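For reference, positions follow the sequence shown, starting with 1. Owing to the predicted nature of the structure, the values given are computational and were not obtained by experimental measurement.
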Amino acid sequence: MRLSGRRGRGTTFPEERTVALVASEHWRPFLRHEVMHAASIRAWGYAAAGDWVKEGLATDAEGVCGRYDVDAVARFLVHAGRAIPLADLTDRFRAQDDLTAYMLAGSLVRHLRTRHGIAAVHAVWTGELEQATGRTPDSIYREWLEAMKSGPAPAVDWDSLAANGCGWRP
C-alpha cells in the first residue's frame, strides 16, 4: 500500500489507534482482522509468541476467507496434507505460504479460544501457555489437528482462493 508503506490490503498502527483498509467493488476489506490487531495489541501489548498468534487471532476475528469459514479452509488444508508442523507455523510463520499459514493459525487460535477460553489465548500471546493451563503447545496442536481430521473434507475452491485472496468479490 502506497499510503502506509506496508504490504497488504490493510494495516494497523496500534499506537496511533489507526486502521487503513483497501476496498473496492471487487475487494472486501478485512475490517474485523485489522480492528482485532488494534484491540489485542492495545490490550495485551505485542505478542511474545510471535506473528502466528497475532495473525491467528485477527484471522479468527475475521472468520471467513472468501465464501468459506476459516475452519472449513483449515480442515480442507489438513485433509489435503498441507498442515504446517507446529514449529514451522510458530517459529517460521512468515516463511510459510501466507494464505495457508493465516488459515491454519486462525483455526488453531479459534480452537484454543473455543475449547480453552480467551485466557488460554492470552496465555499463548504472553508466552505462558504451560504455566497458565498446564497444557503444552504440542498437546493443543495435536488436539486441534485431530479435530480438523474428524469428518469429511469440505469442498473448497483452493485454486480460486490462492489466485484471488480471501477478500476477492467476483
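- Residue pairs meeting the disulfide (SG to SG under 2.5 Å) criterion with at least one partner in residues 74-150, sequence neighbours excluded, do not occur; the list is empty.
- Counting heavy atoms from C-beta outward, Trp125 and Ile41 have side chains that approach closer than 4.5 Å.
- Contact detail for Arg28 and Gly66: the closest heavy-atom pair is NH2-N, 4.4 Å.
- The salt bridge (Lys or Arg N to Asp or Glu O under 4.0 Å) test applied to Arg32 returns no partner, not counting sequence neighbours.
- Between atom CD of residue Glu55 and atom CZ of residue Arg94 there is a gap of 4.5 Å, rounded to the nearest 0.5 Å.
- Listed by first and then second residue, the ring-ring contact (aromatic ring centres under 6.0 Å, His included) pairs involving residues 80-107 are Phe93-Tyr102 (not counting sequence neighbours).
- Looking at heavy atoms from C-beta onward, Trp158 lies in side-chain contact with Thr100 at the 4.5 angstrom threshold.
- In terms of heavy-atom proximity, Ala49 sits nearest to Val124 at CB-O, 3.1 Å.
- In this view, Asp88 and Arg92 satisfy the salt bridge (Lys or Arg N to Asp or Glu O under 4.0 Å) rule, not counting sequence neighbours.
- The side chain to side chain donor-acceptor pair (under 3.5 Å) test applied to His122 returns no partner, not counting sequence neighbours.
- Hydrophobic clustering (side-chain heavy atoms under 4.5 Å, transitive across Ile, Leu, Val, Met, Phe, Trp, Tyr) keeps Val53 apart from Phe30.
- Applying the salt bridge (Lys or Arg N to Asp or Glu O under 4.0 Å) criterion to Arg42, with sequence neighbours excluded, gives no partner residue.
- Checking side-chain atoms of Arg75 against main-chain N and O of Ser150 turns up a donor-acceptor pair under 3.5 Å.
- Rounding to the nearest 0.5 Å gives a distance of 6.0 Å between NE2 of His111 and CD1 of Ile140.
- At a threshold of 4.5 Å between non-hydrogen side-chain atoms, the residues Trp44 and Leu57 count as touching.
- The stretch residues 78-149 participates, sequence neighbours left out, in no disulfide (SG to SG under 2.5 Å) pair at all.
- Across all their heavy atoms, Ala123 and Ala132 have their closest contact at CB-CB, 3.5 Å.
- Connection of Val64 to Leu31 is not established within any shared hydrophobic cluster, with ILVMFWY side chains joined at heavy-atom distances below 4.5 Å, either directly or through further cluster members.
- Rounding to the nearest 0.5 angstrom, the gap separating the OG atom in Ser160 from the OH atom in Tyr68 is 7.0 Å.
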Does the pair Leu129 and His116 meet the rule for a side-chain contact (heavy atoms from CB on, under 4.5 Å), with working shown? CA-CA 11 Å; Leu129 178 68; His116 303 284; over 6 Å; no
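- Of the possible polar contacts, none joining the Trp144 side chain to the Val109 backbone as a donor-acceptor pair under 3.5 Å is found.
- Between Leu86 and Asp138 the shortest side-chain heavy-atom distance falls below 4.5 Å.
- For the pair Trp52 and Leu108, the tightest heavy-atom approach, listed with the atom from each and the gap, is CZ3-CD2, 3.7 Å.
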Mind running side-chain contact (heavy atoms from CB on, under 4.5 Å) on Met148 and Asp71 for me, showing each step along the way? CA-CA 8 Å; Met148 290 294 105; Asp71 278 342; 4.2 Å; yes
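- The shortest heavy-atom contact between Ala58 and His37 is CB-CE1, 3.5 Å.
- Counting only heavy atoms from C-beta outward, the side chains of Val78 and Leu145 approach each other to under 4.5 Å.
- Applying the disulfide (SG to SG under 2.5 Å) definition to pairs two or more places apart or across chains, those involving residues 34-153 are Cys65-Cys166.
- Shown here for Gly63 and Arg110, the closest heavy-atom pair between the two residues is CA-NH2, 3.4 Å.
- Side-chain contact between Val156 and Met103 is absent, with no heavy-atom pair separated by less than 4.5 Å.
- Put simply, OG1 on Thr90 and CG on Asp51 are 11.5 Å apart, with the number rounded to the nearest 0.5 Å.
- The structure places CZ of Arg82 at 9.0 Å from CG of Leu104, a figure rounded to the nearest 0.5 Å.
- Residues forming a salt bridge (Lys or Arg N to Asp or Glu O under 4.0 Å) with Asp97 (at least two apart in sequence, or on another chain): none.
- Listed by chain and number, the residues in a side chain to side chain donor-acceptor pair (under 3.5 Å) with Asp91 amount to none (sequence neighbours excluded).
- Residues that satisfy the side chain to side chain donor-acceptor pair (under 3.5 Å) test with Ser139, not counting sequence neighbours, are Arg135, Thr136.
- Counting heavy atoms from C-beta outward, Thr59 and Glu62 have side chains that stay 4.5 Å or more apart.
- Residues in residues 100-160 take part in no disulfide (SG to SG under 2.5 Å) pair, two or more places apart or across chains.
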